[in-house]
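The next block holds one structure in the form of structure tokens; read it before the comments.
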Amino acid sequence: MVIKKNKDEFLSYLEDTSNLKGDASLLFIPENEKEVSDVLLQAAEEEIPLTISAAGTGTTGARVPLEGAVLSLENLNRIKELDKKKSTIVAEAGVTLERIEEEANKQGLTLRSQPTEPLAFIGGVVSTCASGPRSFKYGSIRNYVKRIKMAMTNGDIWEIERGSIFARKRKFKFSINGREYKFNLPTYHMPSVKSSAGYFVDDDMDLIDLFIGQEGTLSCILEVELLLHKRPYNLFDGIVFFDAEEKALEFVERIKQLRLHSFQYPCVVEFFDFNSLEFLRPFYSFIPSAQCAIYFEQEIDSEQQADLMLDYWYEFIEKSGASIDKCWFAETEAERQKLYQFRHHLPQAVNEYLRKYSQTKEATDIAVPDDKFHSMYYFYKEVALRSRINYVNFGHIGQNHLHFNFLPQNREESFLAKGYIMEFIEKAIALGGTISAEHGIGKIKKPYLEIMYGRKHLEEMAELKKILDPACILGLDNIFDRKLLKK
Ligand SMILES: Cc1cc2nc3c(=O)[nH]c(=O)nc-3n(C[C@H](O)[C@H](O)[C@H](O)COP(=O)(O)OP(=O)(O)OC[C@H]3O[C@@H](n4cnc5c(N)ncnc54)[C@H](O)[C@@H]3O)c2cc1C
């Protein structure tokens, strides 16, 4: 195992893409499960706060330590098994999504739910319950996790298979490795939208779901077994540019109504507002003049379907009032890669911009119910106008889930942006939405979670953590404040 004690040698582990800067005095990079387990046990015995680190692509400071030690899973990076018949893959926590997809593709398979960032580790993805553009059709990574192997702070290794341990209403009672566990789950109700805000809880829930979205606070994920699916015959991608926002919003509404006719139902529906297009224009001078754009991706199951699909989308787009001549379409892998790069460029460019101005991320990860989206959308616009701060608004419009990003250039703008973000949060909660649809809470969004669920429910989360991490060393200050653990 690599152990580093000189902070200058591991500064990059003290941050993530939120630009929050942390501190720690030790870095452990274990080579295998036993070494991970030993680090957890030793840290628990010596009460050393331990922050688990994956690829650091998180946007909420979740992997940023505030003190103590960092445990990096980067060397647990083996793909242990790929079973084509069962369509499953077993990957250690430090395997990147990119590698999982590459290996799956070699067998004609694919992982249906992946966040946009291919360098994220599967341990980080499961721990944040990430979901990507395809979650419009396929949901979050939660839907594809079959089994998790984890190291606990008491030195035990747990393996939980989906479907093996369930709660009775909000109570768990089970035994693992000869130890009995009996505890109550928090009593809050999760909003009925895509959400990764706080621990996943539900009546009669599967135990495995508690560890998906835990943000490194309950256990250290060692290995994950994922469900794969047959790779589609082909994909058809398009970007439709609109000269009026209303037309784009209507276009999305019509897509949502396609649910019943599933073969045309796209897996990706993404939005770029006017500012996003302008932000990208220096890199893509050929972007047509437009008020906004919708990016969609459609799976194709056969050659025959490919022709049908093309005609279908042409007609669908023309009915929306957008000009086909202005659209970008991709039917081949090379064309698709170009569109993919275009889509992926935006969050990366935002992160680079913030780094350039040394500002932290002031962005939303809000999702609201279908019938409340218009209200939320126009509220974004109203506040943005008032703020006079640069911004871009883009993302997963199919799930009423946009990433509104302020682009502050100095501390004053950053300070003001925080206030405006709070207005968005309050509005989203009032509309029955979530404050985090996919990025999690980490350290940056804790105050918002308290507004969403209230202090009592945060205390219930802290009580739950104390059962599974009795030494209270893992992922401190993620999701809720560490002072709640003292009560
Ligand atoms: C350009 C860009 C695009 C993105 N697009 C998306 C998107 O489409 N959808 C989305 O959901 N997110 C997206 N993200 C956010 C980010 O990629 C995800 O949150 C991802 O899941 C983080 O993975 P990571 O490996 O970088 O984890 P890290 O940032 O290193 O860690 C995240 C959290 O997981 C915990 N953790 C890590 N490994 C383990 C483990 N083995 N056991 C227990 N806990 C662990 C950490 O302690 C921390 O709390 C994007 C980020 C960027 C920069």
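Just so it is clear, the values below take in all heavy atoms, side chains as well, and ignore hydrogens, waters and symmetry mates. Whatever order the structure lists ligands and atoms in, that order sets their numbers, starting from 1. Positions are given from 1, in the same order as the sequence printed here.
- Here's the thing with D16: none of its N/O atoms is less than 3.5 angstrom from an N/O atom of ligand 1.
- Which parts of ligand 1 touch A130 is read off a 4.0 Å heavy-atom cut-off, strictly below it: atoms 10 (C), 11 (O), 21 (O).
- Here the rule is side-chain contact (heavy atoms from CB on, under 4.5 Å) with L228, and of N105, L109, T110 only L109 fits it.
- What sits closest to atom 9 (N) of ligand 1 on the protein, heavy atoms only, is S131 O, 2.5 Å.
- In this pair, W328 and F286 present their aromatic rings tilted. The plane angle is within the 30 to 60° band.
- Interatomic distance, OG of S436 versus CD1 of I366, reported as 9.5 Å (0.5 Å rounding).
- Comparing A93, S127, S18 by heavy-atom distance to atom 44 (N) of ligand 1, the nearest is S127.
- The single protein non-hydrogen atom nearest to atom 28 (P) of ligand 1 is G56 N, 3.6 Å, given as residue, atom name and distance.
- Between K443 and the choices D481, N478, D477, the side-chain hydrogen bond (donor to acceptor under 3.5 Å, both in side chains) rule is met once, by N478.
- Ion pairing of E299 with K137 is present here, as a side-chain N (NZ or NE/NH1/NH2) and a carboxylate O approach within less than 4.0 Å.
- Atom numbering of ligand 1 starts at 1 in the shown order; those under 4.0 Å from a heavy atom of N478 are 49 (O).
- Residue contacts with ligand 1 do not include T51, since none of its heavy atoms lies under 4.0 Å from the ligand.
- Inspection of the Q341 and H345 side chains reveals no N or O donor paired with an N or O acceptor under 3.5 Å.
- In this structure, atom 29 (O) of ligand 1 lies nearest to the protein heavy atom G58 N, 2.9 Å.
- Residue Q214 has no nitrogen or oxygen atom sitting less than 3.5 Å from a nitrogen or oxygen atom of ligand 1, judged on distance alone.
- For the pair C220 and ligand 1, a heavy-atom separation below 4.0 Å is found.
- Checked for salt-bridge contact, K338 and E335 miss the test: no charged N lies under 4.0 Å from a carboxylate O.
- The protein non-hydrogen atom at the shortest distance from atom 48 (C) of ligand 1 is A62 CB, 3.5 Å.
- At under 3.5 Å, not a single nitrogen or oxygen of S53, backbone or side chain, sits near a nitrogen or oxygen of ligand 1.
- The nearest protein atom to atom 13 (C) of ligand 1, hydrogens excluded, is given as H439 NE2, 3.5 Å; this is a heavy-atom distance.
- The aromatic rings of F236 and F329 sit parallel to each other, their planes meeting at less than 30°, with 60° as the upper class boundary.
- The proximity of N351 to ligand 1, defined as any non-hydrogen pair under 4.0 Å, is limited to the side chain.
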Q) Would L41 and T153 count as a side-chain contact (heavy atoms from CB on, under 4.5 Å) if you check the C-alpha gap in whole Å, the side-chain angles of each, and the deciding distance to 0.1 Å? A) CA-CA 5 Å; L41 193 56; T153 54; over 6 Å; no
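- In terms of protein heavy-atom proximity, atom 20 (C) of ligand 1 is nearest to T57 OG1, 3.8 Å.
- The aromatic rings of F406 and F424 sit parallel to each other, their planes meeting at less than 30°, with 60° as the upper class boundary.
- Electrostatic pairing of K361 and E15 does not count as a salt bridge here, judged by no charged N lying under 4.0 Å from a carboxylate O.
- In the candidate list T217, T128, L218, T128 is nearest to atom 19 (O) of ligand 1, counting heavy atoms.
- Among T116, I148, I141, the residue whose heavy atom lies nearest to atom 5 (N) of ligand 1 is T116.
- Annotation for E333: atom CD counts as buried by contact number, over 12 foreign heavy atoms lying within 6.0 Å.
- Against a heavy-atom cut-off of under 4.0 Å, T17 is close to the following atoms of ligand 1: 53 (C).
- The protein heavy atom nearest to atom 46 (C) of ligand 1 is I52 O, 3.1 Å.
- Among K361, E117, E15, the residue whose heavy atom lies nearest to atom 3 (C) of ligand 1 is E117.
- For ligand 1, the atoms sitting less than 4.0 Å from at least one non-hydrogen atom of F121 are 25 (O), numbered in the order shown with element in parentheses.
- The side-chain hydrogen bond (donor to acceptor under 3.5 Å, both in side chains) with D365 is formed by just one residue from the set H401, H396, K445, K194; it is H401.
- Counting only heavy atoms of the protein, atom 41 (N) of ligand 1 lies nearest to I221 O, 2.9 Å.
- Among the atoms of A54, some N or O lies under 3.5 angstrom from an N or O of ligand 1.
- Less than 4.0 angstrom separates some heavy atom of L73 from each of these atoms of ligand 1: 41 (N).
- Note: Y453 and H457 have perpendicular aromatic rings, judged against thresholds of 30 and 60 degrees for the angle between ring planes.
- The local environment of NZ in K230 is sparse, with at most 12 non-hydrogen atoms from other residues, nucleotides or ligands closer than 6.0 Å.
- Taking only non-hydrogen atoms, the option from R63, H344, R134, M150 nearest to atom 31 (O) of ligand 1 is R63.
- Distances between N or O atoms of P347 and those of ligand 1 include no value under 3.5 Å.
- Ligand 1 lies less than 4.0 angstrom from a heavy atom belonging to S219.
- Figure legend: R142 and F200 shown as a cation-pi pair, the cationic atom lying under 6.0 angstrom from the six-membered ring centre and within 45 degrees of its axis.
- Taking only nitrogen or oxygen atoms, main chain and side chain alike, Q348 does not reach within less than 3.5 Å of ligand 1.
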